[in-house]
Amino acid sequence: MQTQFVNKNYLAYVHSFAPPTKHFHNCLRAFIVGGLICCIGQFLRILFETVFQLSGDELAASVSMALIFLGCLLTGLGVYDRIGKAAGAGSIVPITGFANSVASPALEFKAEGMITGLAAKMFTVAGPIIVYGVLSGTAVGLIYYLLGL
């Protein structure tokens with residue numbers, strides 16, 4: 001009985017110092033940034049459709065690759081971290097958040113070496129299945145391209 005009273009007092013004390021959470025404001029920013037990322041994806045889709053005459057799976061894959069590239073590029077330049085701090089979940093949910101989750105640890109640990117730092121941390125965080133899937137998909141695509149299939 002005594003510990004429950006102490007825990008409640010301690011939690012009330014800690015809560016008095018914590019800044020209030022702005023749930024509506026955070027949700028609004030996440031919605032706006034996530035929607036903006038999706039609008040960029042839609043713009044790329046329309047661009048690839050009209051300029052390169054892509055359709056179907058080729059169009060979907062091209063837009064996905066472009067968004068992943070942009071996510072990795074912005075992570076490498078340090079811009080995506082600032083977007084994430086401002087937007088919260090709005091920057092994590094789209095495919096660019098996946099690209100950020102793969103590129104961030106790779107950049108953070110590259111000083112430890114190519115294998116033990118860059119590759120090992122990329123495999124640890126993103127998951128071996130995802131990384132191997134991307135690598136094997138790229139290898140198969142190159143083989144098909146070189147064979148002319």
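What you are looking at is a predicted structure, and each value in this text was computed from that prediction instead of being measured.
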Measuring from [X]:[atom1] to [Y]:[atom2], what's the distance to the nearest 0.5 Å?
X	Y	atom1	atom2	answer
F31	L36	CZ	CG	11.5 Å
I143	L146	CD1	CG	8.0 Å
L59	L44	CG	CG	10.0 Å
D57	S64	CG	OG	10.5 Å

- Polar side-chain atom of Y80 near backbone of L70 as donor-acceptor pair, under 3.5 Å: no
- Task: Answer yes or no: is there a donor N or O on one side and an acceptor on the other, between the side chain of R29 and the main chain of A86, under 3.5 Å?
- Result: yes
ILVMFWY network linking [X] to [Y], side-chain heavy atoms under 4.5 angstrom:
X	Y	value
L54	V51	yes
I68	L47	yes
L77	V33	yes
F43	I32	no

- Message: Check the orientation of Y13 and Y10. Use parallel for under 30°, tilted for 30 to 60°, and perpendicular for over 60°.
- Response: tilted
Could you report the tightest heavy-atom contact between [X] and [Y], atom names first, then the distance?
X	Y	value
V63	R45	CG2-CA, 3.5 Å
G41	L67	CA-CD1, 4.0 Å
S62	F48	O-CE1, 3.5 Å
I37	G90	CD1-O, 3.9 Å
I83	S91	CG2-CB, 4.1 Å

- To which residues is L142 joined in a hydrophobic cluster, defined by side-chain heavy-atom contacts under 4.5 Å among Ile, Leu, Val, Met, Phe, Trp and Tyr, whether direct or through other members? none
- Message: With side chain to side chain contact (heavy atoms under 4.5 Å, CB included) as the criterion, how do Q53 and E49 come out once you've worked through the C-alpha distance, each side chain's angles and the decisive distance to 0.1 Å?
- Response: CA-CA 5 Å; Q53 318 302 278; E49 247 178 337; over 6 Å; no
